[in-house]
Amino acid sequence: MGRIAVDKDKCKGCLLCASVCPKEAIITDSGLNKMGIKAVKPKEGADCSGCAMCALICPECCITVYK
Amino acid sequence: MEKVFGRPNSLRNVATHYCPGCGHGIAHRLICEVVDELNIRERVIAVAPVGCAVIAYDYWDFDCSEAAHGRALAVATAIKRVHPETVVFTYQGDGDLAAIGTNETIHAANRGENLSVVFINNAIYGMTGGQMAPTTLLGQKTATTPSGRQAGSAGFPLKISEMLASLAGVYSVERASLHAPQEIVRAKKAIKQAFINQMENKGFSLVEVLSPCPTYWGMSPKEALDWIKDALIKEFPLGKLK
């Protein structure tokens, strides 16, 4: 089991993290961040394995991974 | 649970000015991870380019210098010769390294300067609005080739890494890509090796990094990664060139 934390005010909503997540555990947040962008957030109840693929591809380095 | 991935210490905790899905942010992070792992934060000096990454020094928390457009390797040569104990690298795009700076690039490489170069190739000019770069693919639409680059009027994609690999003064040339997590891991290894080469006084090492520019390729960030895999890599194959 793993867990991610997203620094949502740095996220630009490019969704590359969601595109590489093998567990489809990342979704778009409904609200806007400080930049007026819909950031991503971990999907509740998703089976995150802590593989860190999302963090590896995040251009803003705004994902921290715990395992 | 323990933290297995986070922001490297030498990457400032600020948002970047880059477009969503731009590869510069990934490349910046990889360099910071390498600097932290090699424990050279107090020894490293970066030379930033002119291009989208012109204010890279706002993101890197170590010593940086700016250079005039294309002249990063000339400035880096001076820094390294005056301070041989430092680890000096340039970070340049295709416009900076392979267009206006071709002269400086070729001669620094041919002299075998003991430097590391991170060459970001996104096959287009980003900062100035998406014009054709020397590395633009044939048929690729840009602001200055609206119906696609034609060899008859605009020549062919410039393979500067292959050119540099042919020079006796060059120690190492490798091409990597940022289009998938496993490729990003390989790109980091290549950058780390280029830094280690310099620390072992091996000479000139260059890592070309194929990087997405979704904005001026007219694609979504995901489509841009797929285009690297499907088109850009065919013209610029990955791997060690020297």
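Just so it is clear, the values below take in all heavy atoms, side chains as well, and ignore hydrogens, waters and symmetry mates.
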Are B:Glu66 and B:Val50 side-chain neighbours, meaning at least one heavy-atom pair lies under 4.5 Å?
-> yes
Can you establish whether the number of heavy atoms outside B:Lys141 located under 6.0 Å from its atom NZ is more than 12?
-> no
Compute whether any side-chain donor of one residue and acceptor of the other, for B:Glu183 and B:Ser177, lie under 3.5 angstrom apart.
-> no
What option among B:Cys19, B:Gly21, B:Cys22 has the most heavy-atom pairs under 4.5 Å with chain A?
-> B:Gly21
Heavy-atom pair with the smallest gap, counting every atom of B:Ile233 and B:Leu238 | CD1-CD1, 3.8 Å
Would you call B:Leu206 and B:Lys242 a side-chain contact if the rule is heavy atoms closer than 4.5 Å?
-> no
Residue B:Leu225 versus chain A: region with a heavy atom under 4.5 Å = side chain
Atom group of B:Arg7 that falls short of 4.5 Å from chain A, counting heavy atoms | both
Quick one: which residues of residues 56-67 of chain A reach chain B at under 4.5 angstrom, heavy atoms only?
-> A:Leu56, A:Ile57, A:Cys58, A:Pro59, A:Glu60, A:Cys61, A:Ile63, A:Thr64, A:Val65, A:Tyr66, A:Lys67
Let me have the donor-acceptor pairs involving side chains of residues 38-51 of chain A, under 3.5 Å, with sequence neighbours excluded, atom names and distances please.
| from | atom 1 | to | atom 2 | distance (Å) |
| --- | --- | --- | --- | --- |
| A:Asp47 | OD2 | A:Lys23 | NZ | 3.4 |

State, yes or no, whether a side-chain contact exists between B:Leu73 and B:Gln92 at a heavy-atom distance under 4.5 Å.
-> yes
Distance-only, no hydrogens or angles: does the B:Asp61 side chain make a donor-acceptor pair with backbone N or O of B:Arg12 under 3.5 Å?
-> no
Pair B:Lys240-B:Ser172, side-chain donor/acceptor within less than 3.5 Å | yes
Minimal non-hydrogen separation, B:Gly95 against B:Tyr125, with atom names | CA-CE2, 3.4 Å
Sidechain-backbone polar pair: B:Asp94 side chain, B:Ala123 backbone, donor-acceptor under 3.5 Å | yes
Classify the angle between the aromatic ring planes of B:His24 and B:His28 as parallel (below 30°), tilted (30 to 60°) or perpendicular (above 60°).
-> tilted
Side-chain heavy atoms of B:Val44 within contact of B:Phe195, under 4.5 Å = yes
Leading residue by heavy atom contact count with chain A [cutoff under 4.5 Å; candidates B:Val14, B:Leu178, B:Val185] | B:Val14
Could you tell me whether the side chain of B:Arg71 reaches within less than 4.5 Å of the side chain of B:Ile100, counting heavy atoms only?
-> yes
Answer yes if the side chains of B:Ser211 and B:Asn122 hold a donor-acceptor pair under 3.5 Å, and no otherwise.
-> no
Any residues in residues 212-224 of chain B near chain A, with a heavy-atom distance under 4.5 Å, and which are they?
-> B:Pro221, B:Lys222
For residues 3-11 of chain A against chain B, heavy atoms under 4.5 Å, the residues are A:Arg3, A:Asp7, A:Lys10
